[in-house]
Amino acid sequence: MSHPNPKHAILHGLNEAQRQAVSSDAATVAILAGPGSGKTHTLVSRVVWMIDHVGYRPEDVVVATFTVKAAREMKQRIGKTLGNGRESKIILGTFHSIARRYLAAYGRHVGLNQKFGIADEADSRAIIDRICKKLQLSVGDPRAARAWISKKKARGAETSKSADEKARKAPGLQDLETCYREYQNHLEKSNLLDYDDLLVRCVELLRQLPSCVSNIQTVLIDEYQDTNGVQYDLMKLFAQRRQRITIVGDPDQSIYGWRSAEIRNLWKLLREYRATVEISLEENYRSSQSILDLSLLVIQQDTKRYKKALKPVHNKGSRPVLRRLKNASAEADWIVSEIKRVTMMSGSMLTHDDVAVLLRSAALSRHIESALGKAGIPYRMVGGSKFYDRVEIKTIVNYLRVIYQPENNDALARVMNVPQRGIGDVTINKLMEEAETASLSVWAVLSKHCRGDRTATTKIMKHAEQKISGGLLRPLTDIRKRIGEASGPNGTPFGLVQMIEQLLTALDFQNHLQKVYADDHEQRWANVQEFVSLATDFARDMDRTGDDSLPEIEGLEQTKDDGVLARFLSNVSLASDAQTGDNNQESTPLVTISTIHAAKGLEWPVVFVPAVYNGSIPHMRAEDGDEERRLLYVAMTRAQSLLYLSYPLFSFNGSGERNELSPFVTPVSSSFLNKGPCLDRPVMGEIARILRRKLPPEDSIFKSLPAMFSPEDNLFPVDPEEPPQDAAGKFTRGEGRPTNDAPRAKRPRLHGPSSGPDNGEEHPWKRDYATTMEQSSAFTVNSLPVFVSAAAHQVAITAATTAAVAVQKAEQAKRLSSKRLADQRSIMWFVKSNSSSTRPAGSGRPTPNITGLPAPNRPNTTLPTQIQASVHRGESSLSRPAISPELTGHKLGAGKLMSRPSVPDVNKTPKGKQYACFSSSPPGPSAAEDGEEPPEPTEPAACLHMPTVTFPQGVGGGFRRPAGLGMGRIAPMERLRKPFKPLTMNKP
DNA sequence: GGGTGCAGCCTTTTT
DNA sequence: GGCTGCACCC
């Protein structure tokens with residue numbers, strides 16, 4: 001077997017599995033990467049490997065991501081490793097932006113007007129809105145109609161029958177289809193593509209003109225679990241010439257189902273590319289063991305899930321917190337108090353930059369923003385309301401769109417009366433209708449009318465007409481003229497920024513803002529200026545890197561002159577948010593507030609997940625409960641060392657309705673602390689180790705603590721339902737501050753012990769620093785010496801406990817470890833046997849022909865043999881039945897959901913016994929030594945040769961023992977010596 | 001008839 | 001905080 005030379009620079013510092021993933025010469029590689037396993041790092045390294053080692057030209061490599069942020073980070077990191085600015089030649093971006101580039105360059109080959117614009121969600125909704133109103137369609141909510149249309153487009157080539165059936169049952173189908181037709185019609189007339197069209201039309205292009213991607217050597221897809229049908233088709237088409245694909249993904253982090261993401265795409269890939277090598281990255285370099293344990297307990301509630309291991313590399317750390325607060329504003333105040341406590345007690349080892357508050361929905365940020373504001377803690381909000389969504393910015397963008405595309409009626413309609421020109425909605429709508437019946441654009445109707453060429457049937461008042469003519473038509477025409485002139489040979493190009501500035505002057509925009517937004521016009525004008533500076537950056541970057549151009553392909557002509565305006569506009573439409581990169585120069589540390597969706601792929605030392613109540617997560621309107629659970633899992637696994645969940649007991653609005661704890665948390669609530677951990681020296685020490693930072697000396701921390709500072713999380717009652725006085729009476733011995741002493745009284749945990757662990761594995765939990773406040777009374781500013789000794793004492797206790805537990809666990813692990821081989825499965829197997837149950841109602845029934853497979857290949861509960869031949873080589877698993885239900889929750893000391901394993905051992909002992917955990921990675925050189933022949937490729941790869949290295953044990957690994965308990969304890973130092981640097985937080 | 005201003009509604013997640 | 005519906009004014 002070939003073993004890449006580990007001395008190759010790019011492989012340095014990778015663990016074994018990562019190294020395999022990076023250097024595999026298989027044509028298709030599927031990397032299953034749990035949270036914090038170095039996914040991005042691996043993908044980045046593989047790209048660099050492909051270019052530097054294999055020798056592909058950067059411009060022949062496609063890297064697709066899902067978010068702009070991910071694309072940006074990827075580019076940056078590849079650039080850092082690759083050097084020479086070569087990364088800018090890679091075709092790298094979101095699916096949408098890559099599609100746009102191809103359409104801009106070659107779209108005319110599929111009959112696309114080269115000057116197309118992009119309709120964002122608001123545009124689409126407005127169009128659908130109007131159509132529904134005009135035709136009196138009964139589609140209910142226009143949003144729903146939009147979603148329906150989007151889903152229809154996103155499905156891609158292989159229409160699954162069940163989806164079709166479901167769609168057919170949708171109420172008002174007739175009307176929906178009419179709406180769809182009309183909508184598409186309208187887009188075409190306005191020369192607009194919506195987000196889905198970008199992908200759909202690009203698929204069309206690559207099918208009809210395969211030569212435009214004939215140069216592509218290899219395609220890499222990040223966050224593969226989020227691909228939808230069209231994106232899958234796109235991926236295949238990009239790779240159509242040489243069939244080399246690398247995907248990275250984690251089914252557990254699939255949180256875009258609502259955007260038609262198809263987990264089954266994983267299965268599709270493995271089926272269509274038989275020689276695919278699966279590699280699992282299981283070591284988690286991010287989070288403390290406690291955080292991983294709990295996260296796994298949450299995700300494992302999904303019994304249909306493909307089970308993966310998550311092996312902690314770090315020490316146990318302090319237990320995550322589940323806090324109940326009275327209401328949302330108390331919750332926000334508590335978060336602020338914890339942020340203060342954590343930063344203070346760490347002696348500024350942790351700053352505001354290290355803290356994130358992750359929300360199910362952006363609307364939840366209100367209380368938190370105001371609490372942070374009150375406390376004077378600076379923050380940034382990611383996701384939610386975007387910069388480009390601000391009215392004043394939208395107005396300018398719409399003006400630019402009209403300049404670019406006069407036929408864009410929707411954009412024109414929105415600016416026609418801004419600043420006020422005496423034209424109201426009614427008139428505007430009439431103009432739209434008139435334009436449509438006359439087959440003219442609104443722009444044409446207006447300009448003809450003003451010139452006197454054609455009188456509009458819509459009545460336009462005289463003063464309005466003047467304003468339209470002089471304040472709208474003329475200035476925009478002027479700007480357009482200047483753009484035209486500049487592209488002539490003699491003129492210097494009319495820059496984007498000049499264009500915007502001329503526009504602002506012509507509109508007297510600042511004055512307009514002052515008039516309309518009396519109280520906050522300054523802020524709004526500042527936003528406009530920010531917009532100008534963004535445009536400046538954009539223009540400069542475009543000059544510098546000549547971004548976006550696709551490689552020349554012989555015999556194919558590209559359309560080259562999509563000017564700076566076109567690119568800027570598409571950038572605005574496709575960017576989830578403005579890149580406020582430049583004004584972020586190492587300035588004040590900021591707390592991050594973000595939606596969970598927007599936080600994917602990122603990490604922070606301290607993470608708060610507020611509002612974990614039923615209705616928020618899972619969200620009231622969510623259709624897929626499993627996806628909501630995965631969302632919580634994603635949120636939890638962002639945390640490196642401190643994780644806080646919380647929820648308000650009473651909802652704020654209205655009559656104090658009671659919130660229930662999220663059902664995802666309820667079963668495991670007893671595993672949480674019920675208030676913030678004591679942040680004493682040992683706890684802080686562990687945090688420092690996980691983060692690889694240096695903890696300031698104790699006395700310097702203490703010196704910086706303000707007077708009256710409370711070192712405990714005791715400002716809010718642990719049980720908000722009991723008035724503090726009561727609590728004092730019940731739980732304290734008459735001291736002034738009740739909550740401070742509550743834990744000492746060994747008060748029962750929040751949810752009682754009933755749901756607790758059911759066997760002797762319980763004690764490691766108890767031994768945590770937890771709520772035991774032995775040293776709490778001493779932990780004040782005046783009694784520093786006591787604190788020190790208490791801390792030292794704690795260290796001793798902890799060390800002893802840890803050692804004892806480690807031995808015990810290692811033994812346990814040894815006893816159980818032989819089972820793993822028996823039950824592991826390749827993901828291929830998993831997806832096949834489970835695809836029937838991916839639909840909530842469908843479990844148990846035979847799958848209704850997924851994607852039209854020939855019958856013999858249909859998923860079945862017995863293992864189809866050819867899968868084994870192609871991907872997975874564990875013979876032993878062939879003869880075994882599917883994972884028995886008892887095994888799936890193979891977790892000791894877990895909640896009720898799990899039960900003890902009861903399957904007999906298998907005679908095979910894993911080779912890598914030194915890894916006393918139930919996982920196979922890194923499999924090491926023993927991989928191919930199990931005596932089985934490598935599988936014959938059922939489909940010759942278009943290149944190279946069969947992979948010489950696979951992961952016979954690993955291959956996704958079937959069910960795995962949960963990471964948390966029973967892990968063989970590698971001594972902490974040993975763990976820390978593990979290669980690979982943890983990911984660092986991405987600062988947008 | 002049409003434009004403007006105010007009160008009360010709902011608010012998932014993203015390209 | 002944004003959008004719709006409604007009442008009031010030009």
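Numbered from 1 within each chain, the chains take letters A, B, ... in sequence-line order.
Look at CG on L198(A): it is 9 Å from C1' on dT15(B), rounded to the nearest Å. Taking atom CZ of residue R259(A) and atom C1' of nucleotide dT15(B), one finds them 5 Å apart after rounding to whole Å. Note: NZ (K394(A)) to P (dG1(C)) measures 17 Å, nearest angstrom. Distance CG (D196(A)) to C1' (dT14(B)): 11 Å, rounded to an integer number of Å. Nucleotide dG2(C) holds its C1' atom 13 Å from the CZ atom of R414(A), rounded to whole Å. Distance NZ (K151(A)) to P (dT13(B)): 15 Å, rounded to an integer number of Å.
Comparing atom distances between the W258(A) side chain and each of dT11(B), dT15(B), dT13(B) picks out dT13(B) as nearest.
With P610(A) as the fixed residue, the side chain to side chain contact (heavy atoms under 4.5 Å, CB included) test singles out one of I593(A), L645(A), L359(A), I617(A): L359(A).
Nearer to the 5' terminus of DNA chain B, by closest-nucleotide assignment, is the contact made by M620(A) (compared with the other of T94(A) and M620(A)). A residue-by-residue look at H619(A) and K459(A) shows that K459(A) has its nearest nucleotide of DNA chain B further toward the 5' end.
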Anything under 3.5 Å between a protein N or O and an N or O of nucleotides 4-10 of chain C, put it in a table, one pair a line.
none

Which protein N or O atoms sit under 3.5 Å from an N or O of nucleotides 3-6 of chain B?
{"from": "dG3(B)", "atom 1": "OP1", "to": "G424(A)", "atom 2": "N", "distance (Å)": "2.5"}
{"from": "dG3(B)", "atom 1": "OP1", "to": "T427(A)", "atom 2": "OG1", "distance (Å)": "2.6"}
{"from": "dG3(B)", "atom 1": "O5'", "to": "G424(A)", "atom 2": "N", "distance (Å)": "3.3"}
{"from": "dT4(B)", "atom 1": "OP1", "to": "Q420(A)", "atom 2": "OE1", "distance (Å)": "2.9"}

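Between the side chains of K153(A) and Q184(A), at least one donor-acceptor pair of N or O atoms lies under 3.5 Å.
K430(A) and E433(A) are not joined by a salt bridge, as no carboxylate oxygen comes within less than 4.0 angstrom of a charged side-chain nitrogen. Using a cut-off of 4.0 Å between Lys/Arg side-chain N and Asp/Glu carboxylate O, R390(A) and E392(A) are scored as not salt-bridged.
Applying the 4.0 Å criterion to OP1 and OP2 of dT14(B), one finds that T595(A) has a side-chain N or O inside that range. For the pair K430(A) and dG2(B), the criterion of a side-chain N or O lying under 4.0 Å from OP1 or OP2 is met.
Between the side chain of R155(A) and the main chain of S150(A), no donor-acceptor pair closer than 3.5 Å is present.
If you look at F66(A) and F95(A), their ring centroids are closer than 6.0 Å.
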